[in-house]
K.L.:
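Supplied in structure tokens, the structure appears directly below.
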2 protein chains.
Amino acid sequence: MIQSLKRTFDILEYIASNGNLVRVNDIAQALGLQKTTVHNFLVSLKQLGYVEQDEVTPRYRITAKINQLDFSGIPYYDLRNKLKPVIERLTLESNETSFLAIQMGNYFRYEWKCEPARSLRISLELGKEFEMRHTAIGKVFMAYSPHLSNTVSKGLSESEIIAQNKEMKQILERGYALDLEEYEKELHCVAIPYFYKNRIISVIGLSGPAHRFGEKEMQHMVQLFKTII
Amino acid sequence: MIQSLKRTFDILEYIASNGNLVRVNDIAQALGLQKTTVHNFLVSLKQLGYVEQDEVTPRYRITAKINQLDFSGIPYYDLRNKLKPVIERLTLESNETSFLAIQMGNYFRYEWKCEPARSLRISLELGKEFEMRHTAIGKVFMAYSPHLSNTVSKGLSESEIIAQNKEMKQILERGYALDLEEYEKELHCVAIPYFYKNRIISVIGLSGPAHRFGEKEMQHMVQLFKTII
DNA sequence: TTAATTAATCCAACATCGTTGAACAAATGA
DNA sequence: TCATTTGTTCAACGATGTTGGATTAATTAA
């Protein structure tokens with residue numbers, strides 16, 4: 001157990017469970033630490049923006065920044081159940097395979113899929129990980145996460161990066177991404193972000209053979225998605 | 001800047017902004033740390049319950065525990081505006097002084113008040129700090145925070161603690177606290193908790209002279225409060 | 001199934017970085 | 001005004017996290 005990590009959270013928990021406006025001394029006493037120790041932690045937390053001091057009295061409070069770390073309330077486990085009818089509907093209307101993908105660091109994986117009842121159809125493995133580049137789904141994740149986009153850019157040439165940024169911008173404007181035989185010959189794919197509380201928590205994708213699943217069909221599915229979501 | 005504190009949040013922020021399901025290696029690479037260093041942090045965070053590992057793949061995610069530190073969305077600054085009409089109404093109906101108090105560690109202070117237009121009335125300073133014990137408002141804070149209650153108990157005799165716990169229990173049952181000439185002779189006070197998302201974020205208090213502001217009047221105000229909140 | 005590869009975990013010596021206490025400054029109260 | 005409490009600063013010490021390499025486990029390829 002990393003001591004200062006534990007102390008960090010001891011301090012934060014103390015602040016949180018004592019009205020979110022507390023004195024250095026009270027924390028120190030309650031946790032059995034030196035004032036100056038607690039003070040140092042608070043200075044660091046303040047620099048990082050996780051705590052701030054009261055304007056009137058020298059008291060500390062936790063700021064809203066901690067919220068970016070809070071995923072509670074996001075229905076991860078409920079995601080399949082929630083979006084299953086959506087992708088089933090998309091497959092029903094398009095007669096192509098639809099997917100539900102979630103981000104895993106620099107990769108994504110399919111959590112769920114729905115295949116149409118026809119012989120020639122796209123079929124990809126659930127659970128397996130895919131690279132972000134060259135896939136419609138990956139590009140959506142990248143477009144909505146500059147951080148991810150930068151990571152993926154590493155090692156690319158100047159011109160490739162410019163092209164990528166341009167495409168990201170376009171995806172943000174349109175609200176969806178396309179993969180026109182980029183990942184694989186004869187394969188078309190369209191991907192749309194799914195948000196929860198302003199956070200992108202999954203991406204819905206639709207894949208079909210290029211000859212029958214063209215831009216027109218894909219755009220139609222985007223429209224449909226937006227009406228049923 | 002305490003290094004491990006910064007690293008702790010760097011890691012958490014990385015996880016949070018990369019889909020909340022990431023590998024040790026990706027974190028290490030992105031932050032320029034050793035795998036083992038990151039791993040040690042994750043072990044500690046896991047022990048504290050702030051992260052957990054995916055069931056299928058060895059990936060880490062932030063848990064819901066961080067939520068207890070998240071005060072965003074709690075209308076602290078908006079509190080006065082929200083509850084001002086409430087305490088004004090209470091004063092109007094009771095013809096006594098009402099207060100809006102917030103916790104500050106082991107103390108509380110009045111954020112706002114409303115005094116009736118009559119000569120004999122209770123008047124207490126805004127901003128000043130008050131002890132939790134022997135005040136109705138303090139007892140409400142204590143009743144809803146075992147942690148605070150324990151802290152305040154320190155140094156009390158066995159019998160005093162028993163008496164206090166009994167009163168706390170009663171307050172929880174009733175949903176309000178009374179101070180019958182306990183803080184000061186001839187002074188009666190009733191206090192009611194105000195919750196937001198299951199958290200007690202402030203306490204409303206009403207004070208009046210004992211001879212005219214008795215238990216009956218106080219209970220009546222509690223009923224009123226519950227209807228207008 | 002075995003080999004090869006990658007990822008995760010463990011370990012012990014080292015050096016960094018947080019801790020300590022005392023002294024100082026600022027705020028509060030008498 | 002002085003006395004008291006509380007918050008902040010500082011430098012030397014020593015606890016504790018870091019490092020790289022070795023080990024183990026999990027994947028992937030053959």
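The figures here come from the full heavy-atom set of this structure, side chains too, leaving out hydrogens, waters and symmetry mates. By convention in this document, chain letters (A, B, ...) are assigned in the order of the sequence lines, proteins followed by strands, and residues within each chain are numbered from 1.
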K.L.:
Round to the nearest Å and state the distance from A:M1 atom CE to C:dG18 atom P.
P.N.:
18 Å
K.L.:
Without decimals, in angstroms, what is the distance between A:R23 CZ and C:dA26 P?
P.N.:
20 Å
K.L.:
Just compare D:dG17, C:dT9, C:dT19 and give me whichever is closest to any side-chain atom of B:H39.
P.N.:
C:dT9
K.L.:
Taking for each residue the nucleotide of DNA chain C bearing the nearest heavy atom, is the 5' side occupied by B:K46 or by B:K128?
P.N.:
B:K46
K.L.:
Under 4.0 Å between a side-chain nitrogen and a carboxylate oxygen: does that hold for B:R23 and B:D26?
P.N.:
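A salt bridge links B:R23 with B:D26.
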K.L.:
Tell me whether the side-chain N/O atoms of A:N25 come closer than 4.0 Å to OP1 or OP2 in D:dG7.
P.N.:
yes
K.L.:
Is B:E111 salt-bridged to B:R80, cutoff N-O under 4.0 Å?
P.N.:
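Salt bridge between B:E111 and B:R80, a charged N being under 4.0 Å from a carboxylate O: yes.
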K.L.:
From C-beta outward on A:N40, which listed nucleotide comes closest to its side chain: D:dT18, C:dG21, C:dT19?
P.N.:
C:dT19
K.L.:
Among the nucleotides C:dG21, D:dG17, C:dC10, which one has an atom lying closest to any side-chain atom of A:S4?
P.N.:
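My answer, after comparing the listed nucleotides, is D:dG17.
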K.L.:
Using whole Å, report how far NZ of A:K35 lies from C1' of D:dT6.
P.N.:
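For the pair A:K35 NZ and D:dT6 C1', the rounded distance is 6 Å.
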K.L.:
From the set C:dA8, C:dT19, C:dG21, return the single nucleotide nearest to any side-chain atom of A:R7.
P.N.:
C:dT19
K.L.:
Nearest of C:dT20, D:dT18, D:dG20 to any side-chain atom of A:Q34?
P.N.:
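Minimum distance to the A:Q34 side chain belongs to C:dT20.
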K.L.:
Which nucleotide wins on minimum distance to the side chain of B:Q3, given the candidates D:dT18, C:dT19, D:dT9?
P.N.:
D:dT18
K.L.:
For A:E158, is the CD atom crowded, meaning more than 12 foreign heavy atoms sit under 6.0 Å from it?
P.N.:
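Counting other residues, nucleotides and ligands, CD of A:E158 stays at 12 neighbours or fewer.
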K.L.:
If every non-hydrogen atom of A:Q164 is compared with every non-hydrogen atom of A:V152, which pair is closest and at what distance?
P.N.:
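Taking A:Q164 first and A:V152 second, the nearest heavy atoms are OE1-CG1, 4.4 Å.
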K.L.:
Whole Å only: how far is the CD1 atom of A:I27 from the C1' atom of C:dT19?
P.N.:
17 Å
K.L.:
Which is more 5' along DNA chain D, the nucleotide nearest B:L33 or the one nearest B:Y107? Just name the residue.
P.N.:
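The answer here is B:Y107.
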